[in-house]
Amino acid sequence: MSVLRLSVLAALVTGAVVLQVAAFSYLSYDGVVPNLALLVVVAAALVRGPDFAATLGFFAGLAVDLAPPADHVAGRWALALVVVGYVAGRVRHDAGASALGAVVTVAASSFIGTSVFALSGMLLLDPAVPVAEALRVIPVSVGYDVLLTPLVLPLAMRLFRRIRPYEVAV
Amino acid sequence: MRATSPGSPHQRPSRTVLVLLLLACFTVVTLDVRGGDDSPVDPLRSAVGEVLGPIERGAAAAVRPVVAVPQFFRSTSGLRADVSRLEAENARLRGEVATSGVDRNRAAELDGLLAGARGTGYAVVPARVIAMGPAQSFTRSVTIDAGTSSGIEPDMTVLNNDGLVGRVIRADRTTATVLLVVDRQSVVGGRLGSTMEVGHLRGRGDHGDDARLDLDLVDQNAAPTRNDVLVTWGSRNGAPYVAGIPIGVVTTVSISPRQLSARAVIAPFVDFTSLDLVGVVVDPDTEGDRAVLNAGPAEESP
């Protein structure tokens, strides 16, 4: 069962990362695509809490960092998604109950995640992202993630509930 | 505050997990930054590329027909808007035709350059773009569906029938990653078509319709003129860029006494938002799992 759970998680993360670069590039707004990996991590945080979500965020972020055509320093998205998983997991008791709370959590997570990634790029000069471009991209990506929340988040949360251990599926 | 959701295995988050994960992130970042060109993360990167490359290729192939669907569902109002837009464009084009002498010369110049690029007999491997890096990652790169099995190596020139697209930065077995010339880290040697002056082109990181490149000319006195065509300057052994590939036209020129070189802004010929079929310039004797097109860019591909 545990192997099955792990493979479901791996398939979910891989699917999110692949769709993000291969399918949503056709629907990009100004080059920005919805950050599906981030939505999966937020869903995990709302269902399972910070520890699980931060760990999942690490592996999902590493997948985003290493999947072609990524060319930035590896570990930057991993860092961003670990932070997102932890923060979203901490607020889940307040946010997980209502739909509005979930949307606000996604918006905050998207803002935090993209900002952490941009800031790490500024620190490492990889590439030297100008603040103006970061400020242009971040709101668009927050908007796009929120737009996709009703489609992705309930599905992912239901999946995480089903594969939660020690419990009968709801 | 609400009670803990039932059945949640972790009542309170452990700091240890967070700290361990953060340390793991910093380790990966440090390894990759310190490693430079032969970073220890690279084998991992190519392993992931080997696995995800074919999946991305499958996803792109599955999505391509779906992308065409929305066109069937356009409302009449959208079509009407299209008609009025096209009529306006028609009128504008008619006006342009009236004064097209200069343009025709320019087009002839461009045709000559393109013919030159073809005439030099570069052999290209055709490939399709299967994935694009998101703008959130601040890198302008794409994945193509041909890799080392088709004879593609890093530092090869990538072009399409409009002009220069970029260069290969990493090649796995069945996929390769291409850094677009509009990326902020991309530097291309360029040559002005009219005066043969050389300079360096830097990307700005945009890749929409307003994508622009900045040109710094080596010779300060060589003032580029508007609508001058720029081609690649070329490097030794054709790596990373072969010579004579059209890049774009000069749109604005700025010369100030404070600057050491004349600067110009270039509009690239290639539309980076709708990249699909591209060609990778390879050695003509390359033996791979797909046909090498000798002389002529990828448009004649099957």
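Please read these numbers as outputs of a predicted model, since none were measured by experiment. In what follows, chains are A, B, ... by sequence order, proteins preceding strands, each numbered from 1.
- Of the residues considered (B/Leu21, B/Asp172, B/Thr16, B/Val48), B/Leu21 shows the highest number of contacts with chain A, using heavy-atom pairs under 4.5 Å.
- A salt bridge does not link B/Asp145 to B/Arg128: none of the charged nitrogens lies less than 4.0 Å from a carboxylate oxygen.
- Only the side chain of A/Val137 comes within less than 4.5 Å of a heavy atom in chain B; its backbone stays farther off.
- For a residue to count as touching a neighbouring chain, one of its non-hydrogen atoms must lie under 4.5 Å from one of that chain's; by this rule A/Leu62 touches chain B with the side chain only.
- For a residue to count as touching a neighbouring chain, one of its non-hydrogen atoms must lie under 4.5 Å from one of that chain's; by this rule B/Val17 touches chain A with the side chain only.
- The candidate from B/Ala176, B/Cys25, B/Gly205 with the greatest count of non-hydrogen atom pairs under 4.5 Å with chain A is B/Cys25.
- A/Thr105 and A/Ala88 make their closest contact through CG2-CB, 4.0 Å (heavy atoms, listed as atom of the first residue, atom of the second, distance).
- Contact of B/Phe26 with chain A is made through the side chain alone, with heavy-atom distances under 4.5 Å.
- The residue among A/Gly15, A/Ala54, A/Gly89 with the most heavy atom pairs within less than 4.5 Å of chain B is A/Ala54.
- Of all residues spanning residues 111-120 of chain A, those with a heavy atom less than 4.5 Å away from chain B's heavy atoms are A/Thr114, A/Phe117, A/Ala118, arranged by number.
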Audit row: B/Val168, B/Glu153, side chain to side chain contact (heavy atoms under 4.5 Å, CB included) steps and yes/no = CA-CA 7 Å; B/Val168 177; B/Glu153 303 288 337; over 6 Å; no

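- Nearest heavy atoms, A/Ala60 versus A/Val41: CB-CG2, 4.2 Å.
- A side-chain donor-acceptor contact under 3.5 Å links B/Ser39 to the backbone of B/Val41.
- For chain A, no part of B/Ala47 is nearby; none of its heavy atoms comes within less than 4.5 Å.
- In terms of heavy-atom proximity, B/Tyr241 sits nearest to B/Thr157 at CA-OG1, 3.2 Å.
- When heavy atoms are compared at a cutoff of 4.5 Å, B/Val29 approaches chain A by way of both its backbone and its side chain.
- Contacts of B/Ile169 with chain A are made by side-chain atoms alone, with heavy-atom separations under 4.5 Å and no backbone atom involved.
- Residue contact with chain A, scored on non-hydrogen atoms closer than 4.5 Å, involves the side chain of B/Thr177 exclusively.
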For side chain to side chain contact (heavy atoms under 4.5 Å, CB included), just list the numbers for A/Leu38 and A/Ser110, CA-CA rounded to whole Å, side-chain angles, deciding distance to a tenth of an Å, and then say yes or no.
-> CA-CA 7 Å; A/Leu38 183 133; A/Ser110 172; 4.1 Å; yes

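- Chosen from A/Ala134, A/Ala23, A/Ala63, A/Ala74, the residue pairing most often with chain B at heavy-atom distances under 4.5 Å is A/Ala74.
- Contact check on A/Arg76 versus A/Asp65 returns no salt bridge, with no Lys/Arg side-chain nitrogen under 4.0 Å from an Asp/Glu carboxylate oxygen.
- Across all non-hydrogen atoms, the minimal contact from B/Thr175 to B/Gly53 is CG2-CA, 3.6 Å.
- Listed here is the closest heavy atom pair of B/Arg140 and B/Pro134: NH1-O, 4.5 Å.
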Could you walk me through whether B/Arg170 and A/Asp71 pass the salt bridge (Lys or Arg N to Asp or Glu O under 4.0 Å) test, one step at a time?
-> CA-CA 9 Å; B/Arg170 185 174 25 259; A/Asp71 185 48; 3.8 Å; yes

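- The candidate from B/Ile144, B/Thr273, B/Thr143 with the greatest count of non-hydrogen atom pairs under 4.5 Å with chain A is B/Thr143.
- Of all non-hydrogen atoms in A/Gly85 and A/Ala45, the two that sit nearest each other are O-CB, 3.7 Å.
- Between B/Asp216 and B/Arg202, at least one side-chain nitrogen of the basic residue sits less than 4.0 Å from a carboxylate oxygen of the acidic one, meeting the salt-bridge criterion.
- Contacts between A/Leu124 and chain B at a heavy-atom distance below 4.5 Å involve the side chain alone, from C-beta outward.
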